[in-house]
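Notes for the one structure printed next.
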Amino acid sequence: MIGTFLISVVWLLFTLAFFIFTTTHFALLFAVGSLIVWLWLVLSVYLVKGKIECEIITANEIYKSEQMSYQLRVQNTSRLPVTQLQLHLVIEHLFTGRQESHHHVLSIPAKSAEEFTFVLPQKYMGQVNIRIKQLTIKDSFTFFRSVQKLDTQSTMLIVPNPYFLKLQHIEQNQHVLQTPGIIPMKKIDGEELAELSVYKLGDSVKRIHWKLSSKGDELFVKQHETLTGDAVMMTLDFTSFTNRVALYDEFIETFSALLYSYVASDHEVQFILNHATGEQLTIDNEWDASNAIKEVLTRSVAQVSISDEQWKKLRRTYPNCIVLTTNIARSTEYQTVVISDQKEESTV
């Protein structure tokens with residue numbers, strides 16, 4: 001606003017001085033023309049203020065592999081066109097709290113509404129909030145401007161694509177392969193129902209699964225079924241979680257791939273969703289798995305974290321519970337998969 005005022009004063013002083021010290025018809029025409037242009041530019045900015053309406057159009061739920069875009073519907077209800085309309089948007093990843101600011105410059109004719117499509121700047125996953133904080137209206141020469149505060153927002157849920165996850169067999173997922181202890185499997189190369197565990201000193205060489213071992217950095221041996229029925233206990237732990245969106249995406253994709261793998265192998269999964277309330281989900285089909293993933297995506301860090309006391313209780317109550325965690329300090333615990341920035345320390 002101060003800049004607009006200074007430009008107006010300088011312009012008027014220059015026009016006045018030119019008219020006073022140049023006694024010609026051209027000076028008069030210049031003064032009149034400058035006044036008309038000045039009035040037009042000022043009116044094109046201030047008469048439009050408050051007459052711009054914005055709406056953010058997003059899908060309620062999309063897959064991460066799809067085109068992740070949003071639409072802006074801008075309506076100009078004034079009788080003057082807007083040559084330069086700058087929108088200040090904030091895209092916030094709700095789980096990590098990470099925010100990104102973006103600016104879009106548009107032009108809107110008088111008495112009209114326009115729709116514009118923009119692609120999200122990165123491949124988010126989880127809940128994303130898109131919010132318009134303010135509009136800046138500028139004239140054709142960007143001499144004058146007015147600012148209009150807004151609080152328009154829309155939330156979208158971005159989930160992993162189950163079709164791609166189904167292609168990622170459990171033996172192809174490095175984090176799952178490196179899970180210590182027993183990994184339930186349905187059938188392997190036509191063999192009977194079996195399980196796998198990381199090779200330990202003293203295990204029979206005849207029980208090594210060579211095909212699966214060749215795909216990873218560890219040797220795996222076949223074991224007998226030790227679970228009660230086909231039930232699997234799982235939970236998540238976002239303790240010590242950073243605000244990196246990429247790490248969050250990797251965590252969710254690993255969890256989703258593991259969950260779909262168990263369901264495809266006809267295992268019933270007992271998933272502990274909230275340790276403070278004891279909330280659990282029973283998952284025995286793909287529909288249940290999809291709903292469980294959405295539940296996780298809409299939870300806060302506190303709701304999917306495990307305190308030290310809850311961790312001790314979990315290990316006493318469910319010693320075979322598979323835990324996906326971001327806490328490296330818990331990597332020595334049985335049946336734990338650690339997903340963190342420090343890849344070399346992420347498994348035991």
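These numbers were taken from a predicted model, which means no experiment stands behind them. In this chain, residues are counted from 1 in sequence order.
Between H102 and H104, the ring-plane angle classifies as parallel under the 30° and 60° cut-offs.
Counting heavy atoms from C-beta outward, N285 and E268 have side chains that stay 4.5 Å or more apart. Residues F118 and I130 form no side-chain contact, since every pair of their non-hydrogen atoms from C-beta on lies 4.5 Å or further apart. Residues I272 and Q270 form no side-chain contact, since every pair of their non-hydrogen atoms from C-beta on lies 4.5 Å or further apart. Contact annotation: the side chain of M156 approaches that of L120 to within less than 4.5 Å [non-hydrogen atoms, C-beta and beyond]. Two residues are said to be in side-chain contact when any heavy atoms from C-beta on lie closer than 4.5 Å; Y124 and I91 meet this criterion. At a threshold of 4.5 Å between non-hydrogen side-chain atoms, the residues K313 and Q310 do not count as touching. Residues V74 and L85 are in side-chain contact: their nearest non-hydrogen atoms beyond the backbone lie under 4.5 Å apart. With contacts defined as side-chain heavy-atom distances shorter than 4.5 Å, the pair I252/V296 qualifies.
Taken together through direct or relayed side-chain contacts under 4.5 Å among Ile, Leu, Val, Met, Phe, Trp and Tyr, M125 and V301 form part of one hydrophobic cluster. Two different hydrophobic clusters hold L259 and M233 under the rule that ILVMFWY side chains link at heavy-atom gaps under 4.5 Å. M68 and L89 fall within the same hydrophobic cluster, where Ile, Leu, Val, Met, Phe, Trp and Tyr residues are linked whenever their side-chain heavy atoms come under 4.5 Å apart, directly or through other members. Clustering ILVMFWY residues whenever any of their side-chain heavy atoms sit less than 4.5 angstrom apart, transitively, puts L47 in the very cluster that holds I52. In this structure, I62 is a member of the same hydrophobic cluster as V245, with clusters built from ILVMFWY side-chain heavy atoms closer than 4.5 Å.
A donor-acceptor contact shorter than 3.5 Å links the side chain of D237 to the backbone of I306. Judged by distance alone, with hydrogens and angles left aside, the side-chain atoms of T235 form no donor-acceptor pair with the main-chain N or O of V323 at under 3.5 Å. Judged by distance alone, with hydrogens and angles left aside, the side-chain atoms of K111 form no donor-acceptor pair with the main-chain N or O of R79 at under 3.5 Å. A donor-acceptor pair is defined here as one N or O able to donate and one able to accept, closer than 3.5 Å; no such pair exists between the side chain of T325 and the backbone of V338.
Here CZ of R73 is found 13.0 Å from OG1 of T117. Values are rounded to the nearest 0.5 Å. Note that CZ of R131 is 7.0 Å distant from CG of D151, once rounded to the nearest 0.5 Å. The OG1 atom of T326 sits 10.0 Å away from the CG atom of L236 when rounded to the nearest 0.5 Å. To the nearest 0.5 Å, atoms CD (E114) and OG (S107) are separated by 7.5 Å. Of the inter-residue distances, the one linking L135 atom CG with L106 atom CG reads 9.5 Å to the nearest 0.5 angstrom. A distance of 11.0 Å separates CD of Q127 from CZ of F95, quoted to the nearest 0.5 Å.
Remark: D139 does not engage R145 in a salt bridge, criterion side-chain N to carboxylate O under 4.0 Å. Salt bridge present: R299 and E295 bring a charged side-chain N and a carboxylate O closer than 4.0 Å. Salt bridge R244/E250: absent, no basic N to carboxylate O contact under 4.0 Å. Ion pairing between a basic and an acidic side chain is recognised when a charged N comes within 4.0 Å of a carboxylate O; E61 and K294 show such pairing.
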Quick one, L258 with L324, criterion side chain to side chain contact (heavy atoms under 4.5 Å, CB included). Give me CA distance, side-chain angles, the key distance, then yes/no. CA-CA 10 Å; L258 180 57; L324 274 70; 3.8 Å; yes
Apply side chain to side chain donor-acceptor pair (under 3.5 Å) to residues Q148 and K49 and explain how you reach the verdict. CA-CA 7 Å; Q148 178 179 337; K49 184 178 180 180; over 6 Å; no
Verify side chain to side chain contact (heavy atoms under 4.5 Å, CB included) between Y318 and M234, making sure each step is shown before the conclusion. CA-CA 10 Å; Y318 306 108; M234 285 186 64; over 6 Å; no
Between Q86 and K138, is the side chain to side chain contact (heavy atoms under 4.5 Å, CB included) condition met? List the steps. CA-CA 8 Å; Q86 186 180 70; K138 300 180 181 180; 4.2 Å; yes
Determine whether R315 and T336 satisfy the following criterion, side chain to side chain contact (heavy atoms under 4.5 Å, CB included), listing intermediate values before the conclusion. CA-CA 11 Å; R315 284 311 178 198; T336 303; 3.0 Å; yes
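Across all their heavy atoms, V128 and I158 have their closest contact at CG2-CD1, 3.9 Å. The minimum heavy-atom distance linking L80 with S78 is given by the pair O-OG, 3.0 Å. Across every non-hydrogen atom of S112 and I108, the tightest pair is OG-CG2, 3.9 Å. Counting all heavy atoms, side chain and backbone alike, G126 lies closest to H93 at CA-NE2, 4.4 Å. Residues L314 and C321 share a closest heavy-atom pair of CD1-SG, 4.1 Å. Closest non-hydrogen pair, L87 versus L72, comes out as CD2-CD1, 3.9 Å.
Checked against the 6.0 Å centroid threshold, F255 and F271 count as a close aromatic pair. Close placement of the F251 and F238 rings is indicated, their centers lying within 6.0 Å of each other.
Shown are N129, T298, N60, T58; of these, the side-chain hydrogen bond (donor to acceptor under 3.5 Å, both in side chains) with T155 is made only by N129.
Other residues, nucleotides and ligands place no more than 12 heavy atoms under 6.0 Å from the NZ atom of K133.
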